[in-house]
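Each remark here refers to the structure printed beneath this line.
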Amino acid sequence: MIDLIFPDGSKRQYETGVTGRDVAASIAPSLAKRAALIKLDGALLDLDRPLEAGGAFEILMRDSPEALETLRHDASHIMAEAVQELFPGAQVTIGPSIDDGFYYDFARDEPFSLDDLAKIEQRMKEIVDRDEPITREVWKRDEAIEHFKSIGEAYKAEIIEGFPAGEEISVYRQGAWKDLCRGPHLPSTKAVGKAFKLTKLAGAYWRGDHRNAQLQRIYGTAWASEADLEAYLTRLEEAEKRDHRRIGRAMDLFHMQEEGRGMVFWHEKGLTLWRVVEDYMRRRLDAAGYAEVRTPQVLDRVFWEKSGHWEKYRPNMFVCETEEGEELSLKPMNCPGHVQIFKFGQKSYRDLPLRMSEFGACHRYEPSGALHGLMRVRAFTQDDAHIFCREDQIEEETARFIQLADSVHADFGLTRDHIALATRPAVRAGSDEFWDKAEAQMLAAARRAGVEPVIAEGDGAFYAPKLDWVLKDSIGRTWTCGTIQLDYVLPERLEAEYVGEDGQKHRPVMLHRAICGSLERFIGVLIENYAGAFPLWLAPVQVVVATITSDADDFAKQAARTLAARGLRVETDLRNEKINYKVREHSLAKVPVIAVIGRREAETGQLALRRLGSDRQEVISLEAAANMLALEADAPDVAREGQGARSSAETSAGVMESG
RNA sequence: GCCGCCUUAGCUCAGCCGGUAGAGCGACGCAUUCGUAAUGCGUAGGUCAGGUGUUCGAGUCACCUAGGCGGCACCA
C-alpha cells in the first residue's frame, strides 16, 4: 500500500501500482475524464503510470500550465511521427516544448518546403484522430542503442550513448511510432487536440554547435483550445504591427540601406527622439555624479593588442590601414579608452569611486545573420560608463546603479521583469576562488538594493559575472536592456592604479555599466513598447496646429510660434484639405496633440485640442494651452524636480553646481 | 557565417500554363475654404534586385551574386 497526500492535506491509501487515473476515478469519474497528468512529490508523471511509492499527490487538468507544456511536447512527437510517415529516411533528433509551442529537429538531405508544412500539419491531425495511445516502456541502455542504430536513427543512438552505462531509459510508443523520451506525456494523441499550427522552418545545428551538422527545425505553436490558438495568432499580428522597422519607416524616423549594412541613417524625426533620450540620460548621469568624457574613434592596433581585444575579437573589429602601413581599428568598446583617462595623472583613493561616462560610438563587425533592424547593428552608441572603485565600494556602487537603472527604465514606461545574475561561463579567465568572490559580491549588491536576481548559469562575460536587466514592455514581451559587470582583469592588463591611504599603489576595480545598452537598440525597444504612440515628452512631433479654413492661417502660425517658444516641437498644417483628412493623417502619424483652429478659434484666440486616441475636444486659450502643454512635455526627471517651482527652474537652467 | 524563404512604382501588394506591366495609398496639378479619422477630377511614376543561361519569346524556368526576412550560431 502507498499513501497519497492531496493538496488539501488529506491522506488516502491505495494499492501499490495504482495509476493516477484510478485515483482520480476513485474521487469522481468526471475527474478521471478531465485529468491530464499527475504530480507526485513535484515530479510530473503520466496519468497511467503505475505508482510504486506514495507522496504529495496532485491531479493536473488539461488547462494547467504543466499539462499545456506536456501537450506541446506531445505535439512535437506527433509532428515527428507525421514527418517520418511522410518522409521516410528523415531522422529524428530532439523535439522539446518551448514558450508558446514546440519544435523538432530533423536530419534530412532534402530541405522541407512550406508546402510540406501544410502536409505535415494535415497528417498530424490525422494522427490525433487515430487516437493512438501513448505508452511508456523501460528499455536497457545497450538494447536501446542497438535498436535505434538498427532503424537508422544515428542521432538518437548518439544521445543514448551519452547516458551512463547501465542506465534504464524510457521509450514512448504512440501507435507504430516510438521515440526516446523522458516524458511525461498525455494518455493518447487525441488528448492533444488540434489547436496547433506549424509556424516556421529553420536551420539549427546539432547540439547547438555550429561545427556540427545542420538540421532542419520545424516550429509549431500548440494550445489547449482553438480559442487560445486564435488569441495567440492575433497577438502575433499585433506584435508585428509594432515592429520598429515598420514604424520607423511609417513615421520617417530612420532608414538603412545595403551600402551600410547594420548602420542607421537617422532622419530628422528619429534623431529628435534620439536627442530627447540622450539629453535625458545625460541629466540623469550628471545628477548621479558621473563625469562625461569622449575618447578617440580609431586607435592603433598596439592599443587593442594591449587590451586583449586584438587577440580575441580581431575578426569582429573594423580595421583600416594608413598609407604608412599603420593598422588601426575603430573602437569596438569604450573601456580601454576610459582607462587611459583614468591613468592620466595620478589618482588617489579620494578620487574613488570615479564614475566615467561616455555616449560612446562603437563599431563591431557583427555576423551578417545577426543584424536585425535597430536591435542588432554594426555601428552603435552605448550609454556607457565605468566606475573605478575600491573592492569595498563594489556593493554600494552596484546597489546605487540598480536604483538608477530602475528609475530610468520606469521613466521610459518599461517595467522590470527581473534581474539576471549571469554566472561563470565554461570558458573563463580567473580562478574558481575569484569567481566565488565575484559572484558573491554581485549577489550581495543586488540584495542590498532589495533585488533577488534570477541565476543565469554560465551566462557571464569571460572575465566577470554580471547583472542583466530583463524588462517587460506594454504587451508583456521581454527585452534585455541594462547591465553591470564586475571587472578585475582590464585594470590589471592596462595597469590602472591609484594611491591608497597607505601611500601604496593599488589596483582599482572596474564596473562596466549601461542602462539603455545601445541607444539604437533602446530606441527600437521604445518604438515597439509604445507602438510609435510616444508620450508627449518623447514624441518627435508633439503638436500639429491644423487649420480648417485659410482664414485661420495667421493665427495658426502665431500659435505655432508661441508653442515652439515654450520648447514644444510643433508643426503647422495649413494645407487646403478638410479637417477630417488632417485629423486622420496626424492621428495615424501618432502625433500626441492636434490643435485645430477654425474661424471661431481664430477670432477668440483659442485652440481646440484633440489628444491622440480620443475624439474629445478641449477648447482653451492659446496662453493656457501653451502653459499646460509645456508642463506636460517635461521629461519625467524634470517634472519631478520642477514640481511647484517650474518657472524658477526655467530661468536657472545652465547654472552649474559646484562642489 | 549556416539553413530556408523572399526581392514587381515612394509604400502595401496583384500579375494564371512563359506571350511583352496592374491596383490602392502616396506624390504632383486643377477645382473645392469644407468644424474633428480619407473631397472630386486629372497627371507623372517600373532595365520586374543585379548577372548568366534555357527559349522564337522570361517578371514568370534554371544557375550565380547581392540585399531583405525567419531561425541557428555569435553578441567583449
Side-chain angles (χ1 to χ4, degrees), chain A residues 103 105 108 110-114 116-117 199-219 240 243 245-246 249-250 252 255-259 261 304 307-309 311-317 331-336 362 364-373 375-378 380 382 425 429 459-464 466 480 483 485 487 489-490 512 517-518 521 546-553 574-589 594-601 608-617 619:
Chain A
Y103 68 79
D105 287 346
R108 179 173 181 250
E110 285 282 291
F112 291 114
S113 70
L114 252 35
D116 293 337
L117 284 199
T199 49
K200 53 198 170 198
L201 273 170
Y205 299 104
W206 169 237
R207 300 205 144 144
D209 189 329
H210 68 280
R211 289 164 301 193
N212 289 341
Q214 187 144 30
L215 308 170
Q216 295 186 63
R217 177 171 297 179
I218 302 177
Y219 282 95
E240 210 178 308
D243 188 309
R245 293 164 296 188
R246 179 201 284 248
R249 183 167 48 226
D252 193 20
H255 86 270
M256 300 169 99
Q257 62 190 48
E258 61 181 273
E259 292 84 355
R261 298 190 63 194
W304 302 111
S307 73
H309 292 95
E311 188 198 359
K312 195 165 164 57
Y313 295 108
R314 166 71 186 80
N316 297 314
M317 290 164 70
K331 69 173 168 181
M333 55 183 348
N334 309 300
C335 0
C362 297
R364 295 180 188 174
Y365 186 75
E366 301 286 4
S368 57
L371 303 177
H372 179 92
M375 300 304 183
R376 189 81 182 272
V377 290
R378 286 177 173 163
F380 55 94
Q382 295 178 321
D459 273 356
F462 76 92
Y463 52 81
K466 56 178 178 170
T480 304
T483 186
Q485 309 176 2
D487 186 0
V489 174
L490 207 60
H512 305 247
S518 87
R521 192 179 120 84
T547 51
I548 297 174
T549 72
S550 51
D551 294 345
D553 286 2
L574 311 181
R575 293 175 302 169
N576 177 12
E577 296 288 353
K578 293 193 169 185
I579 193 61
N580 284 305
Y581 182 84
K582 295 184 182 182
V583 166
R584 176 182 155 82
E585 192 168 279
H586 301 303
S587 297
L588 290 173
I594 303 174
V596 175
I597 301 180
R599 188 169 298 158
R600 282 204 302 273
E601 287 78 12
L609 300 183
R610 178 187 167 124
R611 307 285 180 145
L612 183 60
S614 160
D615 55 5
R616 277 196 22 246
Q617 297 168 45
V619 182

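So that the names make sense, note that chain A is the first sequence line, chain B the second, and so on, each numbered from 1. Predicted model, so just to flag it, every value in this text is computed and none were measured. When reading the values below, keep in mind they use all heavy atoms of this one structure, side chains included, and skip hydrogens, waters and symmetry mates.
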Interatomic distance where NE2 belongs to H210(A) and P belongs to G1(B) [whole Å]: 13 Å
By side chain to side chain contact (heavy atoms under 4.5 Å, CB included) - contacts of S368(A) (at least two apart): R261(A), R378(A)
Proximal nucleotide (of A76(B), C74(B), A37(B)) relative to the A370(A) side chain: C74(B)
Short side-chain to backbone donor-acceptor contact, E585(A) and K582(A), under 3.5 Å: no
Main-chain N/O of A464(A) paired with Q485(A) side-chain donor or acceptor, under 3.5 Å: no
Touch class at under 4.0 angstrom, heavy-atom based, for G208(A) against every strand present: sugar-phosphate
Touch class at under 4.0 angstrom, heavy-atom based, for Y103(A) against every strand present: nothing
Touch class at under 4.0 angstrom, heavy-atom based, for E601(A) against every strand present: base
Sugar-phosphate only, base, or nothing, as touched by Y463(A) at under 4.0 Å among non-hydrogen atoms: sugar-phosphate
Short side-chain N/O contact from N580(A) to OP1 or OP2 of U36(B), under 4.0 Å: no
Base-paired stems in RNA chain B, each at least three Watson-Crick or G-U pairs under 3.5 Å: B:1-7 with B:66-72, B:10-13 with B:22-25, B:27-31 with B:39-43, B:49-53 with B:61-65
Expected output: side-chain S518(A) to main-chain R521(A) donor-acceptor under 3.5 Å: yes
Atom-to-atom span, NZ of K331(A) to C1' of A76(B) - whole angstrom: 15 Å
Sugar-phosphate, base or nothing in reach of R610(A), heavy atoms under 4.0 Å: base
Phosphate-side-chain proximity, Y219(A) and C72(B), N/O vs OP1/OP2 below 4.0 Å: yes
Presence of R599(A) side-chain N/O under 4.0 Å of U33(B) phosphate oxygens OP1/OP2: no
Gap separating the OG atom of S550(A) from the CZ atom of R599(A), nearest 0.5 angstrom: 8.5 Å
G4(B) to U36(B) separation - C1' atoms, rounded to the nearest Å: 49 Å
Sugar-phosphate, base or nothing in reach of R249(A), heavy atoms under 4.0 Å: sugar-phosphate
Spacing of E110(A) atom CD relative to C5(B) atom P, expressed in whole Å: 11 Å
Touch class at under 4.0 angstrom, heavy-atom based, for D551(A) against every strand present: nothing
Sugar-phosphate only, base, or nothing, as touched by I579(A) at under 4.0 Å among non-hydrogen atoms: sugar-phosphate
Closest to side chain of K578(A), choosing from A73(B), A76(B), U39(B): U39(B)
Pairing of D243(A) and R245(A) as salt bridge, 4.0 angstrom limit: yes
Sugar-phosphate, base or nothing in reach of E577(A), heavy atoms under 4.0 Å: base
Interatomic distance, K582(A) NZ vs C34(B) P [rounded to whole Å]: 13 Å
Touch class at under 4.0 angstrom, heavy-atom based, for L588(A) against every strand present: base
Sugar-phosphate only, base, or nothing, as touched by A608(A) at under 4.0 Å among non-hydrogen atoms: base
Gap in Å between the two P atoms, one belonging to C72(B) and one to G53(B), rounded: 40 Å
Interatomic distance where CG belongs to D209(A) and P belongs to G1(B) [whole Å]: 19 Å
Sidechain-backbone polar pair: R364(A) side chain, N316(A) backbone, donor-acceptor under 3.5 Å: no
Sugar-phosphate, base or nothing in reach of P111(A), heavy atoms under 4.0 Å: sugar-phosphate
Phosphate-side-chain proximity, Y581(A) and G26(B), N/O vs OP1/OP2 below 4.0 Å: yes
RNA chain B: 5'-proximal contact among V596(A) and T549(A) (nearest heavy atom): T549(A)
Heavy-atom protein contacts under 4.0 Å, nucleotides 62-70 of chain B, coded B base, S sugar-phosphate only, - none: ----SSSSB
